[in-house]
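The structure under discussion appears below in the form of structure tokens.
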Amino acid sequence: MEKNLPIDFTGFDIHAFQKDLISWFEREMRDLPWRRDSDPYKIWVSEIMLQQTRVDTVIPYFQRFMEKFPTLEALADADEDEVLKEWEGLGYYSRVRNLHTAVKEVQEKYGGTVPKTPKEVAKLKGVGPYTAGAILSIAYGQPEPAVDGNVMRVLSRILSVWEDIAKPSSRKIFEDAVRKLISHENPSFFNQALMELGALVCTSKSPSCLLCPVRDHCRAFAEGTTEVLPVKSKGKKQKQIQLAAAVLEDGDGRIVIHKRPGKGLLANMWEFVQTEESSFLPARQVLKDYLSEEFGIEAELETDYFTEIRHVFTHLIWDIRVYRGKIKNRVEGTDELKCVPAWEIEKYAFPVSHQKIWKAYRALK
DNA sequence: CAACCGTGGGC
DNA sequence: TGCCCAAGGTT
């Protein structure tokens with residue numbers, strides 16, 4: 001078990017590897033909605049949705065998205081709130097904002113045709129090295145590497161690469177490897193096959209080596225290291241944040257909602273008013289002060305919170321104490337604060353954490 | 001480069 | 001429960 005910086009391809013039969021991998025893919029590939037045609041727009045949308053997201057989760061979102069925005073032009077013409085609503089619950093919401101921005105750019109700058117050169121594609125917002133390679137190879141058949149987590153895991157085993165795949169610098173090593181290995185006859189299937197193998201066979205835990213079509217090419221299998229490769233360092237613990245939120249009703253049964261800032265966590269999503277709790281003041285007081293100072297809302301809150309919600313993100317944890325309350329003065333709607341009928345809540349895009357709040361609130365009555 | 005940016009499922 | 005994981009990108 002030794003380290004290798006540049007990968008040694010001595011004794012590796014590249015052509016046989018390509019053939020075994022691709023013919024397996026042709027036999028076993030899943031019938032996925034975005035594999036039905038090679039429309040670059042559909043490939044693009046699917047690749048954005050699939051970032052850090054499971055196939056099973058993406059499928060219904062992709063289908064709804066394509067019904068609503070069947071073409072690149074349709075998406076370019078849509079309003080941002082409408083687009084964000086279709087992404088509600090998928091997570092990593094900057095993906096869809098960047099996608100929307102980039103699609104509008106393609107519409108204006110490239111006449112609605114997704115560009116075909118690596119430089120132009122990579123410049124599109126939200127399109128990084130992986131997605132650029134995926135679009136170019138899958139939609140346009142160009143021999144560009146598309147290195148994602150699957151590819152790094154699979155190749156670290158096949159080629160016995162001991163670099164820490166959690167480190168950003170590692171991706172370059174695998175891109176170089178793919179440039180050596182990729183089939184120039186069928187770059188699309190080669191890249192997809194590598195990912196499909198990672199998803200179905202060469203899985204993170206307990207890989208199914210006995211079913212693997214390229215087992216005979218796999219150095220980790222030969223050396224008995226499939227359970228320890230790839231090397232991947234651990235992440236850090238999340239920070240915990242204590243919040244106080246309120247579901248506020250006016251005299252006519254309308255609900256106060258707030259639009260989050262355009263950058264950062266849950267950007268442009270709607271929420272019930274909430275603020276970070278202070279260590280010294282009671283939560284109710286912090287909340288009342290925040291409402292008064294920030295929005296000019298004079299609220300009357302119930303003494304005790306009616307539910308407590310824990311929501312875990314990748315890098316932080318929210319613990320939200322939720323109060324019920326009424327507002328005394330009338331609230332004028334602005335871009336970031338609205339007072340809407342209860343039945344219109346569902347028209348706005350809420351993060352899952354605040355969907356939980358709404359569910360608990362409705363359960364009260 | 002490290003930190004930030006969601007969510008749901010598996011064990 | 002807690003941690004890892006899943007077709008990453010931006011700052």
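In what follows, every chain begins at residue 1, and chains take the letters A, B, ... in the order their sequences are listed.
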Would you indicate what [X] reaches in the nucleic acid, counting non-hydrogen atoms under 4.0 angstrom: base, sugar-phosphate, or nothing?
{"X": "A/Ser169", "value": "sugar-phosphate"}
{"X": "A/Leu32", "value": "base"}
{"X": "A/Lys167", "value": "nothing"}
{"X": "A/Arg97", "value": "nothing"}
{"X": "A/Arg260", "value": "nothing"}

Those residues that, when tested against A/Lys338, pass side-chain hydrogen bond (donor to acceptor under 3.5 Å, both in side chains) (two or more places apart): none
Heavy-atom protein contacts under 4.0 Å, nucleotides 4-11 of chain B, coded B base, S sugar-phosphate only, - none: SBBBB---
On a whole-Å scale, what distance lies between the [atom1] atoms belonging to [N] and [M]?
{"N": "C/dT11", "M": "B/dG6", "atom1": "P", "answer": "14 Å"}
{"N": "B/dA3", "M": "C/dC4", "atom1": "P", "answer": "16 Å"}
{"N": "B/dC1", "M": "C/dA6", "atom1": "C1'", "answer": "23 Å"}

Selection: residues 185-203 of chain A, any non-hydrogen atom under 4.0 Å of DNA chain B: none
Short side-chain donor-acceptor distance under 3.5 Å, A/Thr101 and A/Glu105: no
Any side-chain donor near an acceptor of the partner, A/Gln274 and A/His354, under 3.5 Å: yes
From [atom1] of [X] over to [atom2] of [N], roughly how many Å is that when rounded to an integer?
{"X": "A/Ile48", "N": "C/dG9", "atom1": "CD1", "atom2": "C1'", "value": "9 Å"}
{"X": "A/Trp87", "N": "C/dG8", "atom1": "CH2", "atom2": "P", "value": "13 Å"}
{"X": "A/Lys234", "N": "C/dC5", "atom1": "NZ", "atom2": "C1'", "value": "11 Å"}
{"X": "A/Lys236", "N": "B/dC1", "atom1": "NZ", "atom2": "P", "value": "14 Å"}
{"X": "A/Asp148", "N": "C/dC5", "atom1": "CG", "atom2": "C1'", "value": "13 Å"}
{"X": "A/Gln238", "N": "B/dA2", "atom1": "CD", "atom2": "P", "value": "19 Å"}
{"X": "A/Lys263", "N": "C/dT11", "atom1": "NZ", "atom2": "P", "value": "7 Å"}

Those residues that, when tested against A/Arg35, pass salt bridge (Lys or Arg N to Asp or Glu O under 4.0 Å) (two or more places apart): A/Glu196
cation_pi(A/Arg64, A/Tyr61) dist<6.0 Å, angle<=45: yes
A/Tyr290 and A/Phe295 aromatic ring geometry - parallel, tilted or perpendicular at 30°/60° bounds: perpendicular
A/Phe12 and A/Phe9 aromatic ring geometry - parallel, tilted or perpendicular at 30°/60° bounds: perpendicular
Where at least one partner belongs to residues 226-241 of chain A, residue pairs that pass salt bridge (Lys or Arg N to Asp or Glu O under 4.0 Å), sequence neighbours excluded: none
Residue pairs passing the salt bridge (Lys or Arg N to Asp or Glu O under 4.0 Å) test where at least one lies in residues 282-292 of chain A, sequence neighbours excluded: none
Earlier contact from the 5' end, DNA chain C, for A/Lys125 and A/Ser204: A/Ser204
Contact nearer the 5' end of DNA chain C, comparing A/Arg35 with A/Val127: A/Arg35
Pair A/Phe313 and A/His311, ring centroids less than 6.0 Å apart: yes
